[in-house]
Every structure is written in structure tokens, then in C-alpha cells.
Amino acid sequence: MGSDPGRGAGSRRRHTGAVDDQHRLVDRAGAPACRWRPQKGGSPASPATPGAQDGEAIGRSRGGLSTKIHLAVDGRGRPLSILLTPGQAGDNPQLLALLDAIRVNEPGPGRPRKRPEVLIADKGYAHDSTRRALRQRGIRHVIPERSDQVARRTAKGSAGGRPPAFDKVIYRKRNVVERCFNRLKQWRDLATRYAKRASLYRSSLVLIAAIIWLP
């Protein structure tokens with residue numbers, strides 16, 4: 001899955017994720033941010049929230065003013081959770097919040113399902129702290145190592161420990177979230193952000209996500 005630069009002043013780069021049949025989550029990091037000065041009334045460190053926030057989820061990245069969409073989808077490319085942040089915000093810090101926002105109501109009584117059986121993410125999430133958090137939650141994850149992590153572990157020899165488990169077959173299923181973004185971009189109001197308020201822009205995303213879920 002790759003990040004797609006938006007167009008115009010309301011352009012965005014996106015963070016992506018997917019849960020395969022409510023069991024697997026895929027996540028992808030966007031492009032790195034460039035240095036910038038915060039706009040008046042904005043905050044470069046605004047946390048992801050479902051609605052409006054300081055700066056209205058408008059930041060500055062390499063493409064200019066931008067908003068980043070953090071998305072989790074199932075194996076059929078249907079959105080499960082949506083978060084918005086300024087375009088320069090990091091992707092890895094939003095992973096747990098994206099997981100917490102998932103609610104899958106299954107037939108019959110009981111609580112909604114929130115924990116995927118397997119989480120698939122790219123090298124942008126190969127942080128030791130992320131792996132520890134996922135292990136604490138009991139979530140199996142498939143995340144490739146970065147080249148610098150491999151080199152550091154190899155340099156330590158036997159003291160470097162074993163490499164984390166990685167299943168190439170499962171990792172190939174990451175592409176479902178890209179297909180979901182391609183469907184979202186069919187709506188002009190989502191492909192380029194025109195809404196001033198983050199709550200309005202997210203409402204449009206939720207509405208189109210509901211349409212995607214229709215049989």
C-alpha cells in the first residue's frame with residue numbers, strides 16, 4: 001500500500017490499514033513530513049480524534065496543506081474505522097487508536113469484537129514499542145523488519161536474538177486497503193478536501209463508507 005498525494009490546498013497523504021474479514025489489520029505509513037511552522041490557531045501535535053480538533057486536522061507536509069486519513073478496512077475493502085490527523089502527523093502513533101476505534105457487531109448477544117487475530121503492517125510500524133504493545137494485547141502481527149534493524153541485530157551476533165516472525169503469504173493481503181482508497185477517491189469531495197471543518201470531512205467519509213458496506 002502506498003500513500004497518494006492529494007491535490008490543491010486541501011490535499012492529503014494518508015495512513016492506511018485493513019482488517020481481513022474482521023481478523024487481520026493492515027497498516028501503512030505515509031510520506032515523511034518536512035519542517036514547517038504551525039499556522040495561527042493550529043497545533044502541530046494535535047491528536048487524532050473522530051471529529052473537530054485544534055487546527056481542524058489541517059497540517060503541512062511536502063505537498064503543502066494536507067490532511068491525513070487513517071483507515072482500517074476488512075478483507076473485502078470495507079472501512080471499519082476512520083481517524084483524521086494533520087498531514088505531517090506520524091502514522092505509527094495512530095495505530096493503537098485506530099485499533100481501539102474498531103467495533104464489529106457479530107450476530108447474537110455479546111460485546112462488539114475489537115481485536116483482530118492477525119495484524120498486517122509495513123516497515124513504518126516495525127518499532128519495538130509497537131510490537132510490545134501488540135503482544136500485550138495478544139494480537140499476532142506480521143510486520144517486516146527495517147534494514148537498519150536487521151543490520152543492528154546481525155552486528156550483535158547471538159546476543160541480537162531471533163528475528164520476528166514474518167509470513168509473506170499473509171503480508172500480500174495488504175493491498176485491500178489501497179483498493180478501498182481507490183473507491184473513496186471516486187467521490188470528488190473525498191479525493192480533495194473542500195470542507196473547512198474536520199467533523200464535516202469525516203462525516204462525508206463515514207457516509208461513503210456506509211455506502212461501500214451496502215450489498
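Computed from a predicted model, the values in this text were never measured in an experiment.
- Both Val118 and Phe166 are part of a single hydrophobic cluster, where members link through side-chain heavy atoms under 4.5 Å apart.
- Residue Ser66 holds its OG atom at 9.5 Å from CD1 of Ile58, rounded to the nearest 0.5 Å.
- With contacts defined as side-chain heavy-atom distances shorter than 4.5 Å, the pair Ile208/Asp189 does not qualify.
- To the nearest 0.5 Å, atom CD1 of residue Ile69 and atom CZ of residue Arg202 are 11.0 Å apart.
- Here Lys185 contributes atom NZ and Thr192 contributes atom OG1; the two are 10.0 Å apart, rounded to the nearest 0.5 Å.
- In plain terms, the two heavy atoms of Lys114 and Pro116 that are nearest each other are O-CD, 3.6 Å.
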Table please: side-chain donor-acceptor pairs of residues 135-142 below 3.5 Å, with sequence neighbours left out.
unit_1: Arg137; atom_1: NH1; unit_2: Asp100; atom_2: OD1; d: 2.9
unit_1: Arg137; atom_1: NH2; unit_2: Asp100; atom_2: OD1; d: 3.3
unit_1: His141; atom_1: ND1; unit_2: Ile139; atom_2: O; d: 3.3

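- The minimum heavy-atom distance between Ile102 and Leu98, with the atom names listed, is CG1-O, 3.5 Å.
- Closest non-hydrogen pair, Thr67 versus Ala57, comes out as OG1-O, 2.5 Å.
- Leu207 is not connected to Phe181 by any chain of hydrophobic side-chain contacts under 4.5 Å among Ile, Leu, Val, Met, Phe, Trp and Tyr, and they are in different clusters.
- Judged as a side chain to side chain contact (heavy atoms under 4.5 Å, CB included), and not counting sequence neighbours, the contacts of Lys123 are Pro144, Arg146.
- With sequence neighbours excluded, the residues that form a side chain to side chain donor-acceptor pair (under 3.5 Å) with Arg153 are Glu145.
- A single hydrophobic cluster is seen to contain both Leu71 and Ile211, as judged by linkage of ILVMFWY side chains at heavy-atom distances under 4.5 Å, directly or through other members.
- Every side chain to side chain donor-acceptor pair (under 3.5 Å) that Thr130 has, sequence neighbours left out, goes to Asn92.
- For Ser203, the side chain to side chain contact (heavy atoms under 4.5 Å, CB included) criterion is met by no residue, not counting sequence neighbours.
- No donor-acceptor pair closer than 3.5 Å links the side chain of Glu56 to the backbone N or O of Arg197.
- In this structure a side-chain-to-backbone donor-acceptor pair under 3.5 Å is present from Tyr201 to Leu190.
- For Ile170 against Asp167, the heavy-atom pair with the smallest separation is N-OD1, 3.3 Å.
- Annotation: the span from Leu95 atom CG to Ile143 atom CD1 amounts to 7.0 Å, rounded to 0.5 Å.
- Taking NZ of Lys68 as the reference point, atom CG of Asp91 lies at 3.5 Å (rounded to 0.5 Å).
- Rounded to the nearest 0.5 angstrom, Trp213 CH2 and Leu80 CG are separated by 5.5 Å.
- In this view, Arg179 and Asn175 satisfy the side chain to side chain donor-acceptor pair (under 3.5 Å) rule, not counting sequence neighbours.
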